[in-house]
Amino acid sequence: MSLLYVKITEKPLALKICDTYFRNYCHGVRENHMSKILGLEGTAWNLSAAIVDENEVIAETTATYKPATGGIHPREAAQHHANNVSDVVMKTLEKGGRNVNAVAFSQGPGLGPCLRTVATAARALALTLDVPLIGVNHCIAHVEVGIWRTAARDPVTLYVSGANSQVLAYRKGRYRVFGETLDIGIGNALDKFGRFAGLAHPGGPKVEELAKKAARYIPLPYTVKGMDFSFSGLTTAAQESLKKNDLPDVCHSFQETAFAMLVEVTERAVAHTEKKEVLLAGGVGANTRLQEMLRIMCEDRGIRFYVPEKRFMGDNGAMIAYLGLLMYRAGYRTALSDSRVNPNYRPDDAEVVWR
Ligand code: AMP
Ligand code: MG
């Protein structure tokens, strides 16, 4: 199978014909039979394809972009995805079978060049396999895969990843954003600080390890404004602090300060919504100190706390396939003319048709 590369800038005749083809699927009928969905993720550093059904991940193949120096370079990451997407998809289809009901892909948010590369592959794949296309919101995929893989049902979710940091909860047809970062995501903040301190990308896990060796806490700027938080001032202050203090102490203090901000806002969202569950999602959720702080807060309030397996926390193809499956079963389809990527796609922009 060869993947054709279609650049969606204006709408040529071929795409109008494809639109008619895709609209044939847009009938809004709920599917009750067992479905199998192929999902493609590639919003930033991780290119991943997976096939899931209602019960399990049938196949998953991943190719990770590792920058030679510095952080993620969007054009290089997109080139990595373009070089590897055929291989990743073919391996997944060989293992999971070609008889999928739809192709789901991350429509946003994410890095524009990466999103466009993977969306182009998803369009070509849907046409080749003769199945509908489903564009999914990447943030919501993190939440839904967490609900799928734990006993959570209707949680307040703390979603913490490289580019995004949000407190989300479902209310009246949407995942509402109760609080979010005013500047950079907590993962990017940890990675940026790590690079400054001479740690290789990604810095987050290395900061966690160094923090365990700390001898003391150093006060750093704590910024919660209303229900929102901010990490760039904290990152600069932590970098400055390295001039006078030991790296493990600064790593520990950075984590304690940033995670306390996240836990404070999550707790206030719980108090406001009166929900009885907290779910942790996103790559930074692998941090055991953040998990511990959230667990203490939840125990104190007498509510349940859920953390999915680590493989479902960072960006992965299974989460895209699973949200695609929920949307497919609810009758949702993405016409080719609506499949343009949106690097700023907010979770509260997406209508929740599957709950
Ligand atoms: P995601 O964008 O959801 O794939 O998450 C990637 C981010 O998670 C990167 O910024 C990593 O540094 C961060 N990360 C991964 N593991 C850890 C950890 N144990 N502690 C803190 N951050 C982490
Ligand atoms: Mg993510």
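In each ligand, atom 1 is the first atom listed, and ligand 1 is the first ligand listed. Residue indices begin at 1 and follow the sequence shown.
- Residue Gly314 approaches ligand 1 through these ligand atoms, each under 4.0 Å from one of its heavy atoms: 3 (O), 4 (O).
- Nearest protein heavy-atom neighbour of atom 20 (N) of ligand 1: Asn287 ND2, 3.1 Å.
- Side-chain contact between Glu60 and Asn316 is present, with heavy atoms from C-beta onward closer than 4.5 Å.
- Taking each of Leu290, Val284, Asn316 in turn, the one with a heavy atom nearest to atom 23 (C) of ligand 1 proves to be Val284.
- Below 4.0 Å from some heavy atom of Glu208 lie the following atoms of ligand 1, by number and element: 18 (C), 19 (N), 20 (N).
- Distances below 4.0 Å separate heavy atoms of Pro202 from the following atoms of ligand 1: 11 (C), 12 (O).
- At least one N/O/S atom of His142, whether from backbone or side chain, sits less than 2.8 Å from the Mg ion (ligand 2).
- Scanning the protein heavy atoms around atom 15 (C) of ligand 1, the nearest turns out to be Gly283 O, 3.4 Å.
- The side-chain tip of Arg268 does not point at the ring of Phe178 from less than 6.0 angstrom away and within 45° of straight on.
- Hydrophobic clustering (side-chain heavy atoms under 4.5 Å, transitive across Ile, Leu, Val, Met, Phe, Trp, Tyr) keeps Tyr306 apart from Val156.
- The contact set between ligand 1 and Gly187, taken as ligand atoms under 4.0 Å from a residue heavy atom, comprises 10 (O).
- Counting protein heavy atoms only, atom 12 (O) of ligand 1 is closest to Asp191 OD1, 2.7 Å.
- In the model, Asn164 has no side-chain atom that pairs as donor or acceptor with a side-chain atom of His142 under 3.5 Å.
- Side-chain contact of Glu94 with Thr92: a donor-acceptor pair under 3.5 Å is absent, judged by distance alone.
- Taking the Mg ion (ligand 2) as reference, Asp315 places its N/O/S atom OD1 nearest.
- The side-chain heavy atoms of Lys66 and His201, taken from C-beta on, include no pair separated by under 4.5 Å.
- Lys91 has a carboxylate O that lies under 4.0 Å from a charged side-chain N of Asp87, or vice versa, which qualifies the two as a salt bridge.
- Ligand 1 places these atoms under 4.0 Å from at least one heavy atom of Gly162: 1 (P), 2 (O), 5 (O), 6 (C), 7 (C), 10 (O).
- Gly204 CA, 3.4 Å is the protein heavy atom nearest to atom 22 (N) of ligand 1.
- Checked by atom type, the side-chain pair Tyr175/Arg355 shows a donor-acceptor distance below 3.5 Å.
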